[in-house]
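This report concerns only the one structure given below.
All of these numbers come straight from a predicted model, not from anything done at the bench. Side chains included, hydrogens not; waters and symmetry mates left out as well; all remaining heavy atoms used.
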Amino acid sequence: MTSTPRTFRDRREAGRVLAQDLARYRGRGDLLVLGLARGGVPIGWEVASSLQAPLDVCLVRKLGVPQWPELAMGAVATGGGVVLNDDVLASLDIGDEQIRDAVTRETAELHRREQAYRGGRDPLKLAGLTVIMVDDGIATGSSMIAAVRSVRQSGAARIVVGVPVGPASVCRQLAGEADEVVCSTTPKDFRAVGQVFEDFHQVSDEEVRDLLATPTDGGGPVTDNR
C-alpha cells in the first residue's frame, strides 16, 4: 500500500496497475479472480488476464433499513455472507424478523443477477483455491467484508483482497478478514473511490456480461470450471 497520490484514467487502467501489484500470483494453477459487480468486474478482468487466471463475478447487496431503504443496516453477498451495522440496528430498534426479511429479499435478487450475468452458467467452485477478490475501491469496507466471509464459507484456501484505492484504516480492518490486502494507493485525504479516476462511469449490466464472456489469458470464460 502506498499513500503516494496517483490517478487512473479508468477502471481498466487501474486493473492493469493492480495486476502489477499482484504479479507474484501470476500463473498459479489454484488461482481464481472474483470481480465484485459491477464496478469490480472491469478491473477484475484486467487482473485475471494479467495473472493468467479464470474470472467470475461476486455480488453484494445493501440491506436497507425498512423505513429508509437508502440507509444501510448491513450487506449480504453471494453465498450468504452477511455484515450488519450494529449501531444502526440498535439506534432504530430493528428486530430479527426485519433483518431476516431483508436478507431473504436481497439474497433472491443476488441469485437473479448472478444468473443474468452468467447466462445460466454455474459459478466456479472456490474450495481449495486462492481467490483474489477485486473491486474498484473500498470506502467503509462493509461490502467487501460480506463478500470475503461468503468466499471463506465456500472453502477458499486463501483470500486476497485487491483494490486500486481505499483508506489505510479500512485496509487494516480488512486485513483481519482476508489473508492479504493489496491496495495500490491509500490517499491521506481519501473522500470517495471516484476521486482517483478520471472516468468513473457507472458500469452497465451489459458490460459485466461481455467481460465475463471474454476469455482471459489463463481462464477462458466462466464456462471453464477448473
Side-chain angles (χ1 to χ4, degrees), residues 1-26 33-51 53 55 57-63 70-75 77 81 83-88 130-151 158-204 207-208 211:
M1 293 183 288
T2 175
S3 59
T4 302
R6 70 168 303 158
T7 59
F8 306 103
R9 183 171 61 251
D10 53 21
R11 289 181 177 87
R12 303 298 288 270
E13 181 184 67
R16 292 189 286 272
V17 171
L18 180 59
Q20 294 174 2
D21 295 334
L22 292 162
R24 60 191 173 280
Y25 290 99
R26 182 176 292 121
V33 176
L34 284 182
L36 270 64
R38 288 175 287 191
V41 175
I43 293 177
W45 191 93
E46 296 291 343
V47 170
S49 179
S50 176
L51 301 187
L55 172 70
V57 63
C58 178
L59 280 86
V60 181
R61 293 282 294 175
K62 176 178 71 176
L63 298 175
E70 70 281 0
L71 175 62
M73 61 180 179
V83 172
L84 297 175
N85 187 322
D86 293 333
D87 292 338
V88 171
T130 294
V131 179
I132 298 179
M133 306 186 64
V134 177
D135 205 353
D136 52 14
I138 52 174
T140 66
S142 59
S143 294
M144 183 61 81
I145 290 173
V148 167
R149 290 179 181 176
S150 289
V151 170
R158 179 175 176 81
I159 299 174
V160 180
V161 170
V163 292
V165 62
S169 59
V170 177
C171 290
R172 288 191 293 269
Q173 179 186 6
L174 276 168
E177 298 279 345
D179 297 293
E180 182 181 1
V181 176
V182 176
C183 185
S184 298
T185 183
T186 54
K188 293 181 179 178
D189 64 340
F190 180 87
R191 300 179 303 278
V193 169
Q195 77 185 65
V196 299
F197 290 90
E198 296 174 12
D199 174 4
F200 197 61
H201 70 276
Q202 182 171 328
V203 176
S204 68
E207 187 175 353
V208 171
L211 286 167

- How about Asn85 and Leu63: do any of their side-chain heavy atoms sit closer than 4.5 Å? no

- Hey, could you give me the CD1/CG distance between Ile138 and Leu174, rounded to the nearest 0.5 Å? 4.5 Å

- Item | Qualifying residues under side chain to side chain donor-acceptor pair (under 3.5 Å), relative to Asp199, sequence neighbours excluded | His201

- Item | Shortest non-hydrogen contact between Ala48 and Leu55, atoms and distance | CB-CB, 4.0 Å

- Taking every heavy atom of Ser143 against every heavy atom of Ala75, the minimum-distance pair comes out as CA-CB, 4.4 Å

- The salt bridge (Lys or Arg N to Asp or Glu O under 4.0 Å) partners of Asp189 (sequence neighbours excluded) come to Arg191

- Which atoms form the tightest heavy-atom contact between Val60 and Ala147, and what is the distance? CG2-CB, 3.9 Å

- Message: Glu13 vs Phe197, test: side-chain contact (heavy atoms from CB on, under 4.5 Å). Steps then yes/no.
- Response: CA-CA 10 Å; Glu13 181 184 67; Phe197 290 90; over 6 Å; no

- Output yes when a side-chain donor or acceptor of Asp179 lies under 3.5 Å from a complementary backbone atom of Ile159, and no otherwise. yes

- With sequence neighbours excluded, tell me which residues meet side chain to side chain contact (heavy atoms under 4.5 Å, CB included) with Glu177. Ile145, Val148, Arg149

- Task: Measure the CG-CE distance between Asp86 and Met73 for me, rounded to the nearest 0.5 Å.
- Result: 12.0 Å

Distance-only donor-acceptor hits, side chain of residues 15-24, under 3.5 Å, sequence neighbours excluded:
unit_1	atom_1	unit_2	atom_2	d
Asp21	OD2	Ser184	OG	2.7
Arg24	NH1	Asp21	O	3.0
Arg24	NH2	Glu180	OE2	2.0

- Can you name the salt bridge (Lys or Arg N to Asp or Glu O under 4.0 Å) partners of Asp10, sequence neighbours left out? none

- Item | Contacts of Arg26 that satisfy salt bridge (Lys or Arg N to Asp or Glu O under 4.0 Å) - sequence neighbours left out | none

- Item | Under the side chain to side chain contact (heavy atoms under 4.5 Å, CB included) test, residues paired with Thr140 that sit two or more places apart | Ser142

- Full working for side-chain contact (heavy atoms from CB on, under 4.5 Å) between Met133 and Val131: CA-CA 6 Å; Met133 306 186 64; Val131 179; 3.9 Å; yes

- Test side chain to side chain contact (heavy atoms under 4.5 Å, CB included) applied to Glu198 - qualifying residues, sequence neighbours left out: Thr7, Arg9

- Note on the structure: With sequence neighbours left out, the residues meeting salt bridge (Lys or Arg N to Asp or Glu O under 4.0 Å) with Asp135 are none

Contacts table for residues 34-44: side-chain donor-acceptor under 3.5 angstrom, sequence neighbours left out:
unit_1	atom_1	unit_2	atom_2	d
Arg38	NE	Val203	O	3.4
Arg38	NH1	Asp205	OD1	3.2

- Message: My understanding is that only residues two or more places apart in sequence, or in another chain, count here; which of them pass side chain to side chain contact (heavy atoms under 4.5 Å, CB included) with Val196?
- Response: Phe8, Val165, Pro187

- Item | Side chain to side chain, Phe200 and Gln195, heavy atoms closer than 4.5 Å | no

